[in-house]
Amino acid sequence: MNISRLFTALSIAILLFSCTQKEQQTEVKGLKQYYTDHFPIGVAIGPRALSTDEAGLIQTQFNSITAENAMKMGPIHPKEDEYFWEHADSIVNFAVRNNMKLRGHTLCWHNQTPSWLFVDTKGDTVSKEVMLARLKDHITTIVSRYKGKIYAWDVVNEAISDKPGEFYRNSPWYKICGEEYITKAFEYAHEADPDALLFYNDYNEMYPDKREKIFKLVNDLKATGVPIHGLGLQAHMGIYEPIEEYLDSALTRFSELNIPLHITELDMSVYKKEHGRRERKPEDDNTAFTPEMEQKQLEQYKLTFEIFRKHKDAIESVTFWNISDRSSWLDNFPVRNRKDYPLLFDKDLNPKKAYYEVVNF
Ligand code: GLA
């Protein structure tokens, strides 16, 4: 080999080494190893995390990935004839490269929708036929692109109302199509990838009123032959939530559906849970992570995972919503710019006390 060839070979080797360095697997035992006999442990991420030190943490700790925002309707389909693939592709490629499971989130939701979706060029609301044709195009394009890579899709997200006495959420989908959009979404996804597992996903699922509505929706979909294969339970929890009282009974109830349950968006806010966005109040300026919060949070996480392990026959996946306390959606919900500490890793990516409660059993 002459000198110039040797030099080229060396340069390529150095380049390859530095590209993969951020993704080096380490020997540290992660959540995924502790839970090998139970369920995969996933995390919701954005594309930026993949070029920071968070990439290494993801590889060490988790064996399943969800795109936090990149596959939602607005970000991925900003104009009717234009898709934006870059962010979703980078997350999919990362998961494939690292041999991780990949959950798709989400094909039909009332939030983070693109502005063109429900109106025509004059700004008038579209007909049911147009709406369903758009939904079909959207679902078919995305599910086909990631066929064989995404094993499970959250097809419809949050279609049930939180209001007592109201069953379906009165979203633009519902107003234009009635409940049929739900069935159609599942059918379109199934046509595009008959091997993908299709999920209905919702929040506040622990609370008896909402729990029973979710149960009925999924049970009815199954009974009418709709291709639904699993139920996604978001599990946005808080340190003051009555987990002991509600989580176990919700999981027992949902197990009766006889379909896999995925915990899809787990986190544990250190504030009192509120379900709607609100204005800032003076007390929101106090955002220290106190020893009391830390203690309460570790107890809640311990309990939560005890209950998950108890239901391991029904639960087939547990995913955290975000990586670490460095940043999470709860820093801006329900109050903008109020720091929260909902995860198992602190802002320096070190395991918190709660982490050890989750892995020592
Ligand atoms: C819901 C959605 C998620 C995400 C969270 C907050 O639970 O399903 O996609 O938007 O809210 O981040």
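Below, all heavy atoms of this structure are taken into account, side chains as well, without hydrogens, waters or symmetry copies. Just follow the structure's listing: the first ligand is 1, and inside any ligand the first atom is 1.
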Contact region, Asn111 to ligand 1, non-hydrogen atoms below 4.0 Å, reads neither
*asked:* Under a plain distance cut-off of 3.5 Å, with no hydrogens placed, do Asn201 and Glu265 share a side-chain donor-acceptor pair?
replied: yes
In terms of its nearest heavy atom to atom 3 (C) of ligand 1, the top option of His236, Glu265, Gln112, Glu68 is Glu265
Exercise for review: Just say parallel, tilted or perpendicular for the rings of His87 and Phe84, cut-offs at 30° and 60°.
Suggested key: perpendicular
Given the options Arg48, Arg326, Lys347, Asp53 meets salt bridge (Lys or Arg N to Asp or Glu O under 4.0 Å) only with Arg326
Within 45° of the axis and under 6.0 Å from the centre of the six-membered ring of Phe199, does NZ or CZ of Arg103 qualify?
yes
Note: ligand 1 atoms sitting under 4.0 Å from heavy atoms of Asn157 are 2 (C), 8 (O)
Looking only at non-hydrogen atoms, the one of Gln234, His105, Glu158, Lys72 nearest atom 4 (C) of ligand 1 is Lys72
Is Trp109 in polar range of ligand 1, meaning some N or O pair under 3.5 Å apart?
-> no
task: Report yes if the distance between the aromatic ring centroids of Tyr181 and Tyr174 is under 6.0 Å, otherwise no.
output: no
So for Tyr203 against ligand 1, with non-hydrogen atoms under 4.0 Å, the contacting part is neither
Under 4.0 Å between heavy atoms, the region of Trp321 that gets near ligand 1 turns out to be side chain
- Query: Cation-pi between Lys29 and Tyr34: NZ/CZ under 6.0 Å from ring centre and within 45° of the ring axis?
  - Reply: yes
